[in-house]
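Beneath this line is the structure, given in structure tokens, with notes to follow.
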There are 2 protein chains.
Amino acid sequence: MATIKEVAKHAGLSVTTVSRYLNNHPYISDEKKEKIQKAMEALDYTPNAAATQLRSNKSYTIGIIVSRITNPYFSYLIDAIEQVVKPTPYHTLILQTYDDPKEEVRLLDMLKQRTIDGIIMCSIENDISLIKQYKQYGPIVVTGDISLKKSGLPVVATDQEEATYLAIKYLLDKGYTEIGYCTGGIFSKSKHGSSRKNGFIKALNEHHIELNDSRIYNNVHTIDDGFKLGRSILNSPKNEWPEVIFTSSDEVAISLIHTFIEAGVKVPGDIAVMGYDNQPLTSMIQVPLTTVSQPVQAIGEEAVHLLISLLNEESYEVNEDRLMLEIVERKSV
Amino acid sequence: MATIKEVAKHAGLSVTTVSRYLNNHPYISDEKKEKIQKAMEALDYTPNAAATQLRSNKSYTIGIIVSRITNPYFSYLIDAIEQVVKPTPYHTLILQTYDDPKEEVRLLDMLKQRTIDGIIMCSIENDISLIKQYKQYGPIVVTGDISLKKSGLPVVATDQEEATYLAIKYLLDKGYTEIGYCTGGIFSKSKHGSSRKNGFIKALNEHHIELNDSRIYNNVHTIDDGFKLGRSILNSPKNEWPEVIFTSSDEVAISLIHTFIEAGVKVPGDIAVMGYDNQPLTSMIQVPLTTVSQPVQAIGEEAVHLLISLLNEESYEVNEDRLMLEIVERKSV
DNA sequence: ATGAAAGCGCTAACAA
DNA sequence: TTGTTAGCGCTTTCAT
């Protein structure tokens, strides 16, 4: 591969001038510009990214951390982010944790290594205080619940406690009292992401309903997890079934519904299911899904704007009005 | 940030020894090892990735090119790839073209810049001969139809012409003659990916059915594109409707079906729809989708094994037996 | 408007 | 087993 040195020699100029040309500096005569252009083409020159990074200490790369790319909530979020990043000089590096906190740390370390200049965290596995320690190495924007705001990190957040509270209230008002609660994490471990849990508990309390541990389903993330949970519920005595299951993700909701229908169990009727996310296909499944819609597009866009402002040491005011959750009533409840 | 120099000074050793430790070279006494370890911890040292790359001319990064991440075929393919890459020293860089050939070139250029060591192309926008020119900068594995084999590039491929031929024959045998054909590209422009088109034409010819241009739908990629196509068909006179639509992607098939059902049109009955990919949710939609299943997991795994072998200058025999397409009969046809 | 030269943090050939 | 040293390809003072 050709280097800047060879280009300079070919053009009969110094490396400095070529470098200036590369970086759009002023003070280069049009004549030389042309010479350089010609030399670069003749030698099929492309700047070596590592050298540029090493010298300038900028990677122009933004890390996007998600738990899994196959979850449409995340893939659409990433898509929204990429659209905004595209016209900027930045690139995007998509990183999956698969819900593993250790993996998340490994990814945060990339900030230290200068592989990435900044991070957008679309999912969070570790304690927020640990994440905050990495702020010294570059800006980190977190997305999630408004409770993250007190971390002091820049945040693009929705009110998930309130949304969950309203969702559970909606179920209670429909007359359901035996409510199953399905979470991606572990219910009893109160850490981040407990905002949805708090909303759930608040709604139950208001209706003087006691929390029933056997209705809490932990670590349910994927379509497959939904199948497994569905089968295990079907295998339990029918009088122990919840009347409705509130899930943390539409994918789980969809596979639950499918498992029930396949077994001849009516949804709703025998058992109802509520989703979370309002993913693209949720209106087109066997039983159109009642769910909580997340403003994916807005979250992604605001997060990038915020991060890039931080990278440029400018300020940016997140447009909170775009970040509203709402219940989408369809047929599964 | 601490550098290797500071670590060396702190440990009372030379940078060489520290570098050796970092790269697991032999010939370091345990005593020094410990000293280095301590110094690294004390200084919170992490190697600078750009410097390592520049010096060693290896990025340990594999580029994965897809057209769009929101398409489950691609997100599951990426997922399969990441699982195999994870235990290796390599990282993964996911790159979207959004079907834009120019963007694809920009991504291929990353090979030249040494941002990535090798590429897995999950989608292809440019002529294969153009892509082949980049081979000199690093190994490129392409996935797709077996017709790619004659390009001379390393390939992980399925027989899409045969699968499409069988699919169309299946439709013809069911008595459908007015078959709509929905493609992500442009039908008339015969370039790569025309293998499915060839299978389509072959099946029609065998049944002495003439190609009807008005039944060819070009540039239909996304869920939204499916909606638009569905509406435009509904707006045409009913006697001009195709009896069945063969699509290039389940997402398109699903949104077509949804559009039809919403309008009170029966699927199948008034109009049938066949998909391609066998994406995860296809069995759970309103009308379970008849489709062509692709061995996503196997394609991803074989592609990584092949690429990494190439990077290590070893040989690898792709297991072709895993790369079979098959028709999945459900209810939409 | 252009160039010489120092050095970013790391690896590896060579020496000891 | 350890150290000295010369770059990898680029950007950026500081001169002129």
Side-chain angles (χ1 to χ4, degrees), chain A residues 1-37 39-40 43-61 89 109-117 137-138, chain B residues 1-37 39-40 43-61 89 109-117 137-138:
Chain A
M1 277 301 310
T3 69
I4 196 173
K5 212 169 155 182
E6 300 174 56
V7 173
K9 195 200 275 179
H10 191 103
L13 293 165
S14 73
V15 287
T16 315
T17 309
V18 178
S19 172
R20 284 208 182 96
Y21 175 82
L22 249 24
N23 295 283
N24 296 313
H25 277 255
Y27 310 139
I28 311 177
S29 65
D30 288 347
E31 174 208 358
K32 318 258 161 170
K33 271 186 192 167
E34 206 170 302
K35 268 192 187 165
I36 295 172
Q37 186 57 46
M40 298 206 313
L43 298 171
D44 188 27
Y45 170 77
T46 317
N48 179 305
T52 311
Q53 273 178 232
L54 174 58
R55 182 59 227 227
S56 63
N57 203 29
K58 289 234 17 165
S59 63
Y60 283 101
T61 302
D109 275 332
M110 298 179 89
L111 207 51
K112 250 204 245 181
Q113 296 171 212
R114 308 306 310 143
T115 304
I116 50 184
D117 290 343
Y137 305 115
Chain B
M1 278 302 309
T3 69
I4 197 173
K5 212 167 155 185
E6 298 174 58
V7 172
K9 194 201 276 181
H10 191 104
L13 293 164
S14 73
V15 286
T16 315
T17 310
V18 178
S19 172
R20 285 209 181 95
Y21 175 81
L22 249 23
N23 295 283
N24 295 313
H25 277 256
Y27 311 138
I28 311 177
S29 66
D30 288 349
E31 175 207 358
K32 317 260 161 169
K33 272 187 191 165
E34 205 169 305
K35 267 191 187 167
I36 295 172
Q37 186 57 45
M40 298 205 316
L43 298 170
D44 188 26
Y45 171 76
T46 317
N48 179 306
T52 310
Q53 276 178 229
L54 174 59
R55 181 59 228 226
S56 63
N57 203 29
K58 291 240 359 166
S59 63
Y60 283 103
T61 302
D109 275 332
M110 299 179 89
L111 207 50
K112 249 204 244 180
Q113 296 171 211
R114 308 305 312 142
T115 304
I116 50 184
D117 290 344
Y137 306 115

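So that the names make sense, note that chain A is the first sequence line, chain B the second, and so on, each numbered from 1. All values below come from the heavy atoms of this structure, side chains included, with hydrogens, waters and symmetry mates left out.
Side-chain N or O atoms of A/Ser59 include one that pairs as donor or acceptor with a backbone N or O of A/Thr115 at under 3.5 Å. Not a single donor-acceptor pair under 3.5 Å links the side chain of B/Asp109 to the backbone N or O of B/Lys112. Put simply, the side chain of B/Glu6 gets close to the backbone of B/Thr3: a donor and an acceptor are under 3.5 Å apart. Side chain of A/Asp117 to main chain of A/Lys58: no donor-acceptor pair is present (N/O by atom type, distance under 3.5 Å, no hydrogens or angles). Looking only at distances, no side-chain donor or acceptor of B/Asn23 sits under 3.5 Å from a matching main-chain atom of B/His25. Remark: the backbone N or O of B/Ala50 is not paired with any side-chain donor or acceptor of B/Thr52 at under 3.5 angstrom.
In this structure, CG of B/Asn57 is placed 13 Å from C1' of D/dG7, rounded to the nearest angstrom. For the pair B/Asn48 CG and D/dG9 C1', the computed distance is 14 Å after rounding to whole Å. Rounded to whole Å, the distance from CD1 on A/Ile4 to P on D/dG7 is 19 Å. Taking atom NZ on B/Lys112 and atom C1' on D/dG9, their separation rounds to 16 Å, with Å as the unit. In this structure, A/Arg55 places its CZ atom 19 Å from P of D/dG7, rounding to the nearest Å.
On the nucleic acid side, DNA chain C contacts chain A at distances under 4.0 Å to non-hydrogen atoms, with the end points of that region at C/dA1 to C/dG9.
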Checking A/Leu22 against A/Met40 for the side-chain contact (heavy atoms from CB on, under 4.5 Å) test, could you report, in this order, the C-alpha distance in whole Å, the side-chain angles of both residues, the deciding distance, and whether it holds?
CA-CA 10 Å; A/Leu22 249 24; A/Met40 298 206 313; 3.8 Å; yes
Let's go through A/Asp30 and A/Lys33 carefully: what are the C-alpha distance in whole Å and the side-chain angles of both, what is the deciding distance for side-chain contact (heavy atoms from CB on, under 4.5 Å) to 0.1 Å, and is it a yes or a no?
CA-CA 5 Å; A/Asp30 288 347; A/Lys33 271 186 192 167; 4.0 Å; yes
Derivation of the side-chain contact (heavy atoms from CB on, under 4.5 Å) call for B/Gln53 and B/Tyr60
CA-CA 8 Å; B/Gln53 276 178 229; B/Tyr60 283 103; over 6 Å; no
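Side-chain contact annotation: B/Thr16 with B/Ser19, donor-acceptor N/O pair under 3.5 Å absent. Side-chain contact of B/Tyr137 with A/Asp44: a donor-acceptor pair under 3.5 Å is present, judged by distance alone.
Note on A/Ser19: a base of the nucleic acid sits closer than 4.0 angstrom, heavy atoms only. Looking at heavy-atom distances under 4.0 Å, A/Asn23 makes contact with sugar-phosphate atoms alone, never a base. Among the heavy atoms of the strands lying under 4.0 Å from A/Tyr45 are primed sugar atoms or P, OP1, OP2 only; no base atom is included.
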Within the sub-3.5 Å range, which N or O atoms of nucleotides 1-3 of chain D have a protein N or O partner, and how far apart are they?
residue, atom, partner, partner atom, Å
D/dT2, OP1, B/Ser29, OG, 3.0
D/dT2, OP1, B/Lys32, NZ, 3.3
D/dT2, OP2, B/Ser29, N, 2.9
D/dT2, O4, B/Arg20, NH2, 3.4
D/dG3, OP2, B/Ser14, N, 2.9
D/dG3, OP2, B/Ser14, OG, 3.0
D/dG3, OP2, B/Thr17, OG1, 2.7
D/dG3, O6, B/Arg20, NH2, 2.6

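Direction change of the helix axis from one end of the helix from C/dA1-D/dT16 to C/dA16-D/dT1 to the other is 30°, with five pairs defining each end axis (rounded to 10°).
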